[in-house]
Amino acid sequence: MPKQITIIGTGYVGLTTGACMAYLGHQVVCIDTNVEKIAELKSGICPIYEKGLPELLSMGLETERLSFSATADLDLLQNEFIFLCLPTPQAEDGRAELAAIYEVAESVKSSLSSKAIVVNKSTVPVGTSKVLSEIIGREDVEVVSNPEFLREGSAIEDFLKPDRIIIGADAMEASDRVAELYSNLESPIIQVDCASAETVKYATNSFLAMKVSFVNALAAVCELVGADIDSVAKGLGTDNRVGSKFLQPGPGWGGSCFPKDMQALVKLASDSGYKFELLEAVVDANAQQFERIAEKVKKAVGKPLRGVHVAVLGLTFKAGTDDVRNSPAIAVSQLLLELGAQLNFYDPLVKSLPKGLSDGIVYDSAESAVANTEVIVILTEWPEFRDLDWVKFQRIAKEPKIVDARNLLDPRSLRDIGFDYTSLGRK
Ligand code: UDX
(Lines give C-alpha, C1' and ligand atoms only; values in the text may rest on other atoms or scores of the structure.)
Protein backbone atom coordinates (compact mmCIF):
# COMPACT_ATOMS: atom_id res chain seq x y z
CA MET A 1 0.00 0.00 0.00
CA PRO A 2 1.83 3.18 -1.19
CA LYS A 3 2.25 5.78 1.53
CA GLN A 4 3.01 9.50 1.46
CA ILE A 5 6.53 10.11 2.80
CA THR A 6 8.53 13.30 3.35
CA ILE A 7 12.28 12.94 3.89
CA ILE A 8 14.04 15.88 5.54
CA GLY A 9 17.76 15.88 4.68
CA THR A 10 19.27 14.52 1.47
CA GLY A 11 22.70 13.29 2.62
CA TYR A 12 23.82 9.64 2.37
CA VAL A 13 20.97 8.47 4.59
CA GLY A 14 18.20 10.79 3.36
CA LEU A 15 18.86 10.31 -0.33
CA THR A 16 19.27 6.54 -0.03
CA THR A 17 16.11 6.28 2.09
CA GLY A 18 14.09 8.47 -0.30
CA ALA A 19 15.22 6.68 -3.45
CA CYS A 20 14.66 3.23 -1.93
CA MET A 21 11.25 4.11 -0.45
CA ALA A 22 10.17 5.36 -3.91
CA TYR A 23 11.53 2.12 -5.40
CA LEU A 24 9.38 0.21 -2.86
CA GLY A 25 6.36 2.01 -4.33
CA HIS A 26 5.80 4.90 -1.91
CA GLN A 27 5.23 8.54 -2.88
CA VAL A 28 8.31 10.38 -1.61
CA VAL A 29 9.39 14.00 -1.47
CA CYS A 30 12.87 14.89 -0.22
CA ILE A 31 13.52 18.30 1.31
CA ASP A 32 16.87 19.98 1.81
CA THR A 33 17.83 23.58 2.49
CA ASN A 34 20.76 23.21 0.06
CA VAL A 35 19.20 24.80 -3.03
CA GLU A 36 22.02 23.78 -5.38
CA LYS A 37 21.82 20.15 -4.25
CA ILE A 38 18.03 20.09 -4.74
CA ALA A 39 18.41 21.60 -8.23
CA GLU A 40 20.96 18.89 -9.11
CA LEU A 41 18.69 16.15 -7.74
CA LYS A 42 15.70 17.48 -9.67
CA SER A 43 17.72 17.18 -12.87
CA GLY A 44 18.75 13.63 -11.96
CA ILE A 45 22.33 14.41 -10.92
CA CYS A 46 23.35 12.25 -7.96
CA PRO A 47 25.59 14.29 -5.62
CA ILE A 48 27.08 11.28 -3.86
CA TYR A 49 29.12 8.34 -5.12
CA GLU A 50 26.96 5.33 -4.21
CA LYS A 51 26.59 2.24 -6.40
CA GLY A 52 23.05 1.95 -7.77
CA LEU A 53 21.81 5.26 -6.40
CA PRO A 54 21.90 7.21 -9.70
CA GLU A 55 19.73 4.51 -11.29
CA LEU A 56 17.20 4.60 -8.43
CA LEU A 57 17.19 8.40 -8.56
CA SER A 58 16.33 8.50 -12.27
CA MET A 59 13.76 5.73 -11.82
CA GLY A 60 12.10 7.67 -9.02
CA LEU A 61 11.99 10.83 -11.15
CA GLU A 62 10.61 8.97 -14.18
CA THR A 63 7.87 7.26 -12.19
CA GLU A 64 7.25 10.58 -10.41
CA ARG A 65 7.31 8.70 -7.13
CA LEU A 66 10.35 10.70 -6.06
CA SER A 67 10.50 14.49 -6.02
CA PHE A 68 12.63 17.18 -4.39
CA SER A 69 11.99 20.54 -2.81
CA ALA A 70 14.22 23.22 -1.33
CA THR A 71 11.39 24.58 0.80
CA ALA A 72 9.40 22.78 3.44
CA ASP A 73 6.03 23.78 2.00
CA LEU A 74 3.04 23.11 4.22
CA ASP A 75 1.57 20.38 2.00
CA LEU A 76 4.87 18.47 2.09
CA LEU A 77 4.80 18.52 5.87
CA GLN A 78 1.26 17.16 5.88
CA ASN A 79 2.41 13.74 4.68
CA GLU A 80 1.73 10.79 6.94
CA PHE A 81 5.43 9.97 7.50
CA ILE A 82 8.12 12.56 8.11
CA PHE A 83 11.62 10.99 8.07
CA LEU A 84 14.37 12.93 9.82
CA CYS A 85 17.67 12.19 8.07
CA LEU A 86 19.75 15.02 9.44
CA PRO A 87 23.43 15.23 10.34
CA THR A 88 24.24 14.48 13.96
CA PRO A 89 27.97 15.26 13.82
CA GLN A 90 30.44 14.79 16.64
CA ALA A 91 30.81 17.90 18.77
CA GLU A 92 34.20 19.00 20.15
CA ASP A 93 33.60 17.08 23.38
CA GLY A 94 32.73 13.88 21.50
CA ARG A 95 29.01 14.09 22.19
CA ALA A 96 26.52 13.98 19.29
CA GLU A 97 25.56 17.46 18.08
CA LEU A 98 21.74 17.47 17.83
CA ALA A 99 20.99 21.12 17.00
CA ALA A 100 19.93 20.39 13.41
CA ILE A 101 17.43 17.71 14.37
CA TYR A 102 15.98 19.77 17.22
CA GLU A 103 15.59 22.84 14.99
CA VAL A 104 13.72 20.84 12.35
CA ALA A 105 11.40 19.29 14.95
CA GLU A 106 10.67 22.76 16.33
CA SER A 107 10.02 24.23 12.88
CA VAL A 108 7.70 21.51 11.59
CA LYS A 109 5.72 20.66 14.73
CA SER A 110 2.74 22.95 14.07
CA SER A 111 2.46 21.92 10.39
CA LEU A 112 2.30 18.17 10.96
CA SER A 113 -1.02 16.55 10.18
CA SER A 114 -2.88 14.68 12.87
CA LYS A 115 -1.79 11.01 13.12
CA ALA A 116 1.50 11.92 11.44
CA ILE A 117 4.52 9.86 12.43
CA VAL A 118 7.96 11.46 12.73
CA VAL A 119 10.48 8.73 11.93
CA ASN A 120 14.02 9.40 13.12
CA LYS A 121 16.73 7.77 11.03
CA SER A 122 19.64 9.83 12.21
CA THR A 123 22.01 8.27 14.71
CA VAL A 124 21.14 9.88 18.01
CA PRO A 125 21.98 9.36 21.69
CA VAL A 126 19.54 7.19 23.58
CA GLY A 127 16.59 9.26 24.75
CA THR A 128 16.60 11.66 21.78
CA SER A 129 13.28 10.36 20.39
CA LYS A 130 11.75 11.21 23.75
CA VAL A 131 13.17 14.76 23.58
CA LEU A 132 11.84 15.09 20.01
CA SER A 133 8.41 14.06 21.27
CA GLU A 134 8.57 16.75 23.92
CA ILE A 135 9.69 19.38 21.38
CA ILE A 136 6.85 18.44 19.00
CA GLY A 137 4.53 18.29 21.99
CA ARG A 138 1.51 16.85 20.22
CA GLU A 139 -0.62 13.99 21.49
CA ASP A 140 -1.69 13.19 17.90
CA VAL A 141 1.87 12.84 16.55
CA GLU A 142 4.19 9.92 17.39
CA VAL A 143 8.00 9.86 17.16
CA VAL A 144 9.46 6.53 16.06
CA SER A 145 13.15 5.49 15.98
CA ASN A 146 14.15 3.60 12.81
CA PRO A 147 17.97 3.55 12.77
CA GLU A 148 19.82 2.89 9.52
CA PHE A 149 22.61 0.34 9.01
CA LEU A 150 23.83 1.57 5.64
CA ARG A 151 27.48 1.01 4.77
CA GLU A 152 28.92 3.50 2.32
CA GLY A 153 29.53 1.72 -0.95
CA SER A 154 26.69 -0.76 -0.37
CA ALA A 155 23.95 1.55 0.97
CA ILE A 156 21.29 0.51 -1.57
CA GLU A 157 21.85 -3.19 -0.94
CA ASP A 158 21.92 -2.62 2.81
CA PHE A 159 18.60 -0.76 2.59
CA LEU A 160 16.80 -3.23 0.31
CA LYS A 161 18.29 -6.41 1.81
CA PRO A 162 18.91 -5.56 5.46
CA ASP A 163 19.65 -8.28 8.03
CA ARG A 164 16.86 -6.71 10.06
CA ILE A 165 14.73 -3.60 10.35
CA ILE A 166 14.68 -2.01 13.77
CA ILE A 167 11.65 0.01 14.79
CA GLY A 168 11.57 1.74 18.14
CA ALA A 169 8.22 3.09 19.31
CA ASP A 170 6.34 3.42 22.55
CA ALA A 171 2.98 3.05 20.80
CA MET A 172 2.53 -0.29 18.98
CA GLU A 173 0.10 1.26 16.48
CA ALA A 174 2.77 3.72 15.29
CA SER A 175 5.35 0.93 15.20
CA ASP A 176 3.08 -1.20 13.01
CA ARG A 177 2.44 1.70 10.63
CA VAL A 178 6.16 2.24 10.13
CA ALA A 179 6.69 -1.52 9.74
CA GLU A 180 4.10 -1.44 6.95
CA LEU A 181 6.41 0.82 4.90
CA TYR A 182 8.86 -2.08 4.63
CA SER A 183 6.26 -4.76 3.88
CA ASN A 184 7.78 -5.39 0.40
CA LEU A 185 11.05 -6.49 2.01
CA GLU A 186 11.62 -10.01 3.31
CA SER A 187 13.85 -8.96 6.21
CA PRO A 188 12.78 -9.55 9.81
CA ILE A 189 11.28 -6.52 11.51
CA ILE A 190 12.25 -6.11 15.16
CA GLN A 191 9.87 -3.87 17.08
CA VAL A 192 11.16 -2.56 20.38
CA ASP A 193 10.86 0.57 22.51
CA CYS A 194 12.54 3.81 21.40
CA ALA A 195 15.48 3.75 23.80
CA SER A 196 16.35 0.19 22.83
CA ALA A 197 16.21 0.98 19.12
CA GLU A 198 18.52 3.97 19.59
CA THR A 199 20.87 1.77 21.63
CA VAL A 200 20.94 -0.99 18.97
CA LYS A 201 22.46 1.45 16.49
CA TYR A 202 25.37 2.41 18.76
CA ALA A 203 25.76 -1.18 19.93
CA THR A 204 26.07 -2.43 16.34
CA ASN A 205 28.66 0.10 15.21
CA SER A 206 30.65 -0.20 18.44
CA PHE A 207 30.68 -3.98 18.29
CA LEU A 208 31.81 -3.93 14.64
CA ALA A 209 34.55 -1.41 15.42
CA MET A 210 35.64 -3.58 18.36
CA LYS A 211 35.73 -6.62 16.07
CA VAL A 212 37.98 -4.80 13.59
CA SER A 213 40.28 -3.58 16.37
CA PHE A 214 40.38 -7.11 17.75
CA VAL A 215 41.54 -8.57 14.42
CA ASN A 216 44.11 -5.80 14.02
CA ALA A 217 45.52 -6.59 17.47
CA LEU A 218 45.42 -10.32 16.66
CA ALA A 219 47.46 -9.62 13.51
CA ALA A 220 50.11 -7.97 15.66
CA VAL A 221 50.20 -11.07 17.90
CA CYS A 222 50.42 -13.36 14.85
CA GLU A 223 53.55 -11.53 13.72
CA LEU A 224 55.15 -12.20 17.11
CA VAL A 225 54.15 -15.84 17.48
CA GLY A 226 54.67 -16.85 13.85
CA ALA A 227 50.99 -17.44 13.06
CA ASP A 228 49.16 -16.29 9.93
CA ILE A 229 46.23 -13.89 10.45
CA ASP A 230 44.44 -15.00 7.27
CA SER A 231 44.39 -18.58 8.57
CA VAL A 232 43.49 -17.48 12.11
CA ALA A 233 40.68 -15.21 10.86
CA LYS A 234 39.38 -18.08 8.72
CA GLY A 235 39.35 -20.44 11.67
CA LEU A 236 37.84 -17.80 13.95
CA GLY A 237 35.24 -16.55 11.47
CA THR A 238 33.81 -19.96 10.64
CA ASP A 239 32.51 -20.15 14.19
CA ASN A 240 28.98 -18.91 13.59
CA ARG A 241 29.01 -17.19 16.97
CA VAL A 242 31.79 -14.97 15.61
CA GLY A 243 31.01 -14.66 11.89
CA SER A 244 33.58 -14.03 9.18
CA LYS A 245 32.74 -10.38 8.39
CA PHE A 246 34.68 -7.44 9.82
CA LEU A 247 37.71 -9.63 10.43
CA GLN A 248 39.86 -8.03 7.72
CA PRO A 249 43.03 -6.45 9.19
CA GLY A 250 43.76 -2.89 8.09
CA PRO A 251 45.17 0.46 9.13
CA GLY A 252 42.26 0.90 11.57
CA TRP A 253 38.64 1.88 11.27
CA GLY A 254 37.43 5.30 10.07
CA GLY A 255 34.62 6.94 8.17
CA SER A 256 31.80 9.27 9.12
CA CYS A 257 30.16 6.85 11.54
CA PHE A 258 32.42 4.57 13.57
CA PRO A 259 34.61 7.29 15.12
CA LYS A 260 31.62 9.53 15.85
CA ASP A 261 29.40 6.75 17.20
CA MET A 262 32.12 5.25 19.37
CA GLN A 263 32.85 8.60 21.01
CA ALA A 264 29.13 9.31 21.42
CA LEU A 265 28.50 5.99 23.15
CA VAL A 266 31.50 6.41 25.47
CA LYS A 267 30.26 9.90 26.40
CA LEU A 268 26.65 8.77 26.69
CA ALA A 269 27.67 5.95 29.02
CA SER A 270 29.87 8.15 31.20
CA ASP A 271 27.18 10.88 31.30
CA SER A 272 24.80 8.18 32.52
CA GLY A 273 27.22 6.94 35.15
CA TYR A 274 28.99 4.03 33.46
CA LYS A 275 32.67 4.26 32.43
CA PHE A 276 32.72 2.15 29.23
CA GLU A 277 36.40 1.22 29.55
CA LEU A 278 36.12 -1.59 27.00
CA LEU A 279 35.12 0.89 24.28
CA GLU A 280 37.69 3.44 25.44
CA ALA A 281 40.29 0.73 24.94
CA VAL A 282 38.97 0.07 21.42
CA VAL A 283 39.24 3.78 20.56
CA ASP A 284 42.82 3.81 21.90
CA ALA A 285 43.67 0.58 20.02
CA ASN A 286 42.54 2.21 16.78
CA ALA A 287 44.86 5.20 17.26
CA GLN A 288 47.68 2.76 18.07
CA GLN A 289 46.96 0.95 14.79
CA PHE A 290 47.73 4.13 12.86
CA GLU A 291 51.04 4.37 14.76
CA ARG A 292 51.77 0.70 14.07
CA ILE A 293 51.41 1.15 10.31
CA ALA A 294 53.66 4.24 10.32
CA GLU A 295 56.22 2.21 12.31
CA LYS A 296 56.06 -0.57 9.70
CA VAL A 297 56.81 1.93 6.94
CA LYS A 298 59.78 3.31 8.90
CA LYS A 299 61.03 -0.25 9.55
CA ALA A 300 60.66 -1.22 5.87
CA VAL A 301 62.71 1.80 4.78
CA GLY A 302 65.31 0.94 7.45
CA LYS A 303 66.26 4.51 8.24
CA PRO A 304 64.59 7.72 9.47
CA LEU A 305 61.90 8.89 7.05
CA ARG A 306 63.10 12.50 6.85
CA GLY A 307 63.25 13.39 3.15
CA VAL A 308 62.31 9.84 2.10
CA HIS A 309 59.83 9.65 -0.81
CA VAL A 310 56.88 7.40 0.05
CA ALA A 311 54.09 6.36 -2.33
CA VAL A 312 50.68 6.15 -0.62
CA LEU A 313 48.04 4.14 -2.47
CA GLY A 314 44.54 4.92 -1.20
CA LEU A 315 43.14 7.99 0.59
CA THR A 316 39.46 7.07 1.14
CA PHE A 317 38.46 5.46 4.44
CA LYS A 318 37.67 2.24 2.59
CA ALA A 319 37.29 1.02 -1.00
CA GLY A 320 34.05 1.62 -2.92
CA THR A 321 33.50 5.18 -1.71
CA ASP A 322 34.95 8.64 -2.36
CA ASP A 323 34.58 9.56 1.31
CA VAL A 324 37.75 10.64 3.14
CA ARG A 325 36.10 11.63 6.43
CA ASN A 326 38.17 10.29 9.35
CA SER A 327 40.08 8.15 6.86
CA PRO A 328 42.78 5.96 8.45
CA ALA A 329 44.78 6.61 5.27
CA ILE A 330 44.90 10.29 6.18
CA ALA A 331 45.74 9.59 9.82
CA VAL A 332 48.65 7.31 8.86
CA SER A 333 49.84 9.68 6.12
CA GLN A 334 49.88 12.59 8.57
CA LEU A 335 52.07 10.53 10.92
CA LEU A 336 54.47 9.85 8.02
CA LEU A 337 54.54 13.57 7.22
CA GLU A 338 55.38 14.31 10.85
CA LEU A 339 58.33 11.90 10.47
CA GLY A 340 59.52 14.03 7.55
CA ALA A 341 58.47 11.77 4.67
CA GLN A 342 57.67 13.24 1.24
CA LEU A 343 54.32 11.71 0.21
CA ASN A 344 53.11 10.89 -3.29
CA PHE A 345 49.40 9.93 -3.26
CA TYR A 346 47.21 8.03 -5.66
CA ASP A 347 43.54 7.16 -5.10
CA PRO A 348 41.05 6.12 -7.83
CA LEU A 349 38.51 8.72 -6.69
CA VAL A 350 40.38 11.38 -4.72
CA LYS A 351 42.14 13.84 -7.00
CA SER A 352 43.11 16.63 -4.65
CA LEU A 353 44.86 16.73 -1.29
CA PRO A 354 42.16 16.17 1.39
CA LYS A 355 42.00 18.50 4.39
CA GLY A 356 43.77 16.99 7.34
CA LEU A 357 46.91 16.44 5.26
CA SER A 358 49.49 19.20 5.64
CA ASP A 359 51.53 18.25 2.56
CA GLY A 360 51.90 15.80 -0.31
CA ILE A 361 51.29 15.51 -4.04
CA VAL A 362 48.22 13.72 -5.45
CA TYR A 363 48.99 12.03 -8.77
CA ASP A 364 46.49 10.90 -11.37
CA SER A 365 48.08 7.47 -11.74
CA ALA A 366 49.62 4.94 -9.39
CA GLU A 367 52.62 4.68 -11.70
CA SER A 368 53.50 8.35 -11.39
CA ALA A 369 53.01 8.22 -7.63
CA VAL A 370 55.30 5.18 -7.30
CA ALA A 371 58.20 6.36 -9.53
CA ASN A 372 61.46 6.91 -7.60
CA THR A 373 59.95 6.23 -4.19
CA GLU A 374 61.67 4.18 -1.53
CA VAL A 375 58.54 2.45 -0.22
CA ILE A 376 54.91 1.97 -1.31
CA VAL A 377 52.21 1.77 1.39
CA ILE A 378 48.71 0.49 0.58
CA LEU A 379 46.14 2.11 2.90
CA THR A 380 42.82 1.51 1.06
CA GLU A 381 41.76 -1.86 -0.34
CA TRP A 382 40.87 -0.71 -3.88
CA PRO A 383 40.59 -3.89 -6.01
CA GLU A 384 42.30 -2.10 -8.91
CA PHE A 385 45.53 -2.07 -6.86
CA ARG A 386 45.73 -5.84 -7.36
CA ASP A 387 45.93 -5.35 -11.15
CA LEU A 388 48.62 -2.67 -11.16
CA ASP A 389 51.77 -3.43 -13.19
CA TRP A 390 53.85 -4.51 -10.19
CA VAL A 391 56.62 -5.86 -12.41
CA LYS A 392 57.05 -2.39 -13.89
CA PHE A 393 56.69 -0.78 -10.45
CA GLN A 394 59.53 -2.96 -9.18
CA ARG A 395 61.71 -1.30 -11.83
CA ILE A 396 60.58 2.31 -11.52
CA ALA A 397 60.59 2.49 -7.72
CA LYS A 398 63.89 3.67 -6.28
CA GLU A 399 63.60 0.86 -3.70
CA PRO A 400 61.14 -2.03 -4.39
CA LYS A 401 59.45 -2.09 -0.97
CA ILE A 402 55.76 -2.45 -0.08
CA VAL A 403 53.90 -2.14 3.21
CA ASP A 404 50.48 -3.60 2.42
CA ALA A 405 48.35 -2.32 5.32
CA ARG A 406 45.24 -3.95 3.85
CA ASN A 407 46.69 -7.44 3.18
CA LEU A 408 45.40 -6.83 -0.33
CA LEU A 409 48.21 -8.44 -2.36
CA ASP A 410 49.68 -11.93 -2.36
CA PRO A 411 53.03 -11.97 -0.48
CA ARG A 412 54.59 -14.74 -2.56
CA SER A 413 53.89 -13.20 -5.95
CA LEU A 414 55.17 -9.77 -4.90
CA ARG A 415 58.35 -11.31 -3.46
CA ASP A 416 58.81 -13.36 -6.66
CA ILE A 417 58.71 -10.04 -8.57
CA GLY A 418 61.50 -8.79 -6.31
CA PHE A 419 59.65 -6.66 -3.77
CA ASP A 420 60.54 -6.52 -0.09
CA TYR A 421 56.91 -7.07 0.94
CA THR A 422 55.43 -6.74 4.44
CA SER A 423 51.79 -6.79 5.50
CA LEU A 424 49.76 -7.42 8.70
CA GLY A 425 50.08 -10.67 10.60
CA ARG A 426 51.12 -12.79 7.64
CA LYS A 427 54.19 -14.97 7.30
C1 UDX B 1 29.35 1.76 9.11
C2 UDX B 1 28.41 0.61 9.50
O3 UDX B 1 28.89 -0.59 8.90
C4 UDX B 1 27.01 0.91 9.01
O5 UDX B 1 26.14 -0.13 9.40
C6 UDX B 1 26.56 2.24 9.63
O7 UDX B 1 25.25 2.56 9.25
C8 UDX B 1 27.51 3.33 9.20
O9 UDX B 1 28.83 3.01 9.61
P10 UDX B 1 30.63 2.61 7.00
O11 UDX B 1 31.02 3.77 7.86
O12 UDX B 1 30.23 2.84 5.60
O13 UDX B 1 29.41 1.81 7.70
O14 UDX B 1 31.92 1.66 6.99
P15 UDX B 1 32.19 0.12 7.24
O16 UDX B 1 32.07 -0.62 5.98
O17 UDX B 1 31.45 -0.33 8.42
O18 UDX B 1 33.76 0.18 7.63
C19 UDX B 1 34.12 1.02 8.74
C20 UDX B 1 35.64 1.06 8.85
O21 UDX B 1 36.12 -0.23 9.27
C22 UDX B 1 36.33 1.38 7.52
O23 UDX B 1 37.44 2.23 7.77
C24 UDX B 1 36.80 0.00 7.04
O25 UDX B 1 37.96 0.08 6.22
C26 UDX B 1 37.12 -0.68 8.37
N27 UDX B 1 37.04 -2.14 8.27
C28 UDX B 1 35.83 -2.72 8.06
C29 UDX B 1 38.19 -2.90 8.44
O30 UDX B 1 39.27 -2.36 8.63
N31 UDX B 1 38.10 -4.25 8.38
C32 UDX B 1 36.91 -4.89 8.15
O33 UDX B 1 36.90 -6.12 8.10
C34 UDX B 1 35.75 -4.10 7.98
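In each ligand, atom 1 is the first atom listed, and ligand 1 is the first ligand listed. In this chain, numbering begins with 1 at the start of the sequence shown.
The Cys257 neighbourhood of ligand 1 comprises atoms 8 (C), 9 (O), with distances under 4.0 Å to a heavy atom of that residue. Shown in contact with Arg406 at under 4.0 Å from a heavy atom are these atoms of ligand 1, numbered in order with element: 25 (O), 30 (O). Near Trp253, meaning under 4.0 Å from any of its heavy atoms, are these atoms of ligand 1: 20 (C), 21 (O), 23 (O). Within the listing of ligand 1, atoms 33 (O) sit less than 4.0 angstrom from a heavy atom of Leu247.
Classified by interplanar angle (parallel below 30°, tilted 30° to 60°, perpendicular above 60°), the ring pair Phe159/Tyr182 is tilted. Relative ring orientation between Phe81 and Phe83 is described as tilted, the plane-to-plane angle lying within the 30° to 60° band.
Nearest-residue assignment for atom 10 (P) of ligand 1 (options Lys318, Gln289, Glu148, Lys201; heavy-atom criterion): Lys318.
Inspection of the Trp382 and Asp347 side chains reveals an N or O donor paired with an N or O acceptor under 3.5 Å. A donor atom on one side chain and an acceptor atom on the other are not found under 3.5 Å apart for Asn79 and Gln27.
Backbone and side-chain nitrogen or oxygen atoms of Gly254 are examined, and one is located within less than 3.5 angstrom of a nitrogen or oxygen of ligand 1.
Residue-level proximity to ligand 1 for Asn205 is carried by the side chain, the only part with a heavy atom below 4.0 angstrom. The proximity of Leu150 to ligand 1, defined as any non-hydrogen pair under 4.0 Å, is limited to the backbone.
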